[in-house]
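Take a look at the structure set out below.
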Amino acid sequence: MQFDHIIPEALGGPTVEDNLWLACSLCNAIKGDRISAVDPITAQIVTLFNPRHQNWLEHFVWSKEADLIIGLTEVGRATVEALQLNRELLVQARKNWIIPGWHPPKD
């Protein structure tokens, strides 16, 4: 895991707790210096999900099998697409985590 700047340093984001979140290195690299993306349904440019100030359950839900993240809102859908949150490696990892009961998260 790496510290991700929610608002990237390249865009003036400070290195303070309120602007930091943990992300895997690949997710962090995919995000890069983006703070917004296009919602695939409405084609609107929206800000990416901010885990410090937005509620995950308002923007996302797990698929029935709990291996896919489904965006419920413009922010959710844009974040899933932009960060490739359902790429093959993550989906397979989630399937493996289900077996010992590590996934999906309880809260």
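Keep in mind that this is a model prediction, so the values were computed, not measured. We're numbering straight along the sequence, starting at 1. Just so it is clear, the values below take in all heavy atoms, side chains as well, and ignore hydrogens, waters and symmetry mates.
At least one side-chain heavy atom of L85 sits under 4.5 Å from a side-chain heavy atom of T79. Looking at F60 and L72, their side chains never come closer than 4.5 Å, going by heavy atoms from C-beta outward. Contact check for Q44 versus V38: no side-chain heavy atoms found under the 4.5 Å cut-off. Put simply, the side chain of N86 reaches to within 4.5 Å of the side chain of R94, judged on heavy atoms. The closest side-chain heavy-atom distance from L20 to E17 is not below 4.5 Å.
In this structure, I99 is not a member of the same hydrophobic cluster as W102, with clusters built from ILVMFWY side-chain heavy atoms closer than 4.5 Å. If you chain together hydrophobic residues whose side chains sit under 4.5 Å apart, V75 and L57 fall into the same group.
Heavy atoms only, all atoms of each residue included: R87 and I30 are closest at NH1-CD1, 3.6 Å. Of all the heavy atoms in I35 and P8, the pair that sits closest is CG2-CD, 3.3 Å. The two atoms that bring A82 and R34 nearest to each other are O-NH2, 2.9 Å, heavy atoms only. Scanning all heavy atoms of the two residues, the minimum distance from D33 to A10 falls at CB-CB, 4.3 Å.
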#### Entry: Check against side-chain contact (heavy atoms from CB on, under 4.5 Å), L83 and C27
CA-CA 6 Å; L83 302 185; C27 288; 5.8 Å; no
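For W62, the ring-ring contact (aromatic ring centres under 6.0 Å, His included) criterion is met by W56, H103, not counting sequence neighbours. When the side chain to side chain contact (heavy atoms under 4.5 Å, CB included) test is applied to N19, the partners found at least two apart in sequence or on another chain are H5, I6, I7, P14, V16.
Within the 3.5 Å criterion, the main-chain N or O of T47 finds no donor-acceptor partner in the side chain of S36. Using a distance-only test at 3.5 Å, with no hydrogens or angles considered, no donor-acceptor pair links the side chain of D4 to the main chain of L22.
Counted by atom type alone, T73 and E58 present zero donor-acceptor pairs between their side chains at under 3.5 Å.
Applying the salt bridge (Lys or Arg N to Asp or Glu O under 4.0 Å) rule to pairs touching residues 74-84 yields D39-R77, sequence neighbours excluded.
A salt bridge links K95 to D67: one of the charged nitrogens lies within less than 4.0 Å of a carboxylate oxygen.
Rounding to the nearest 0.5 Å gives a distance of 16.0 Å between CH2 of W21 and CD of Q2.
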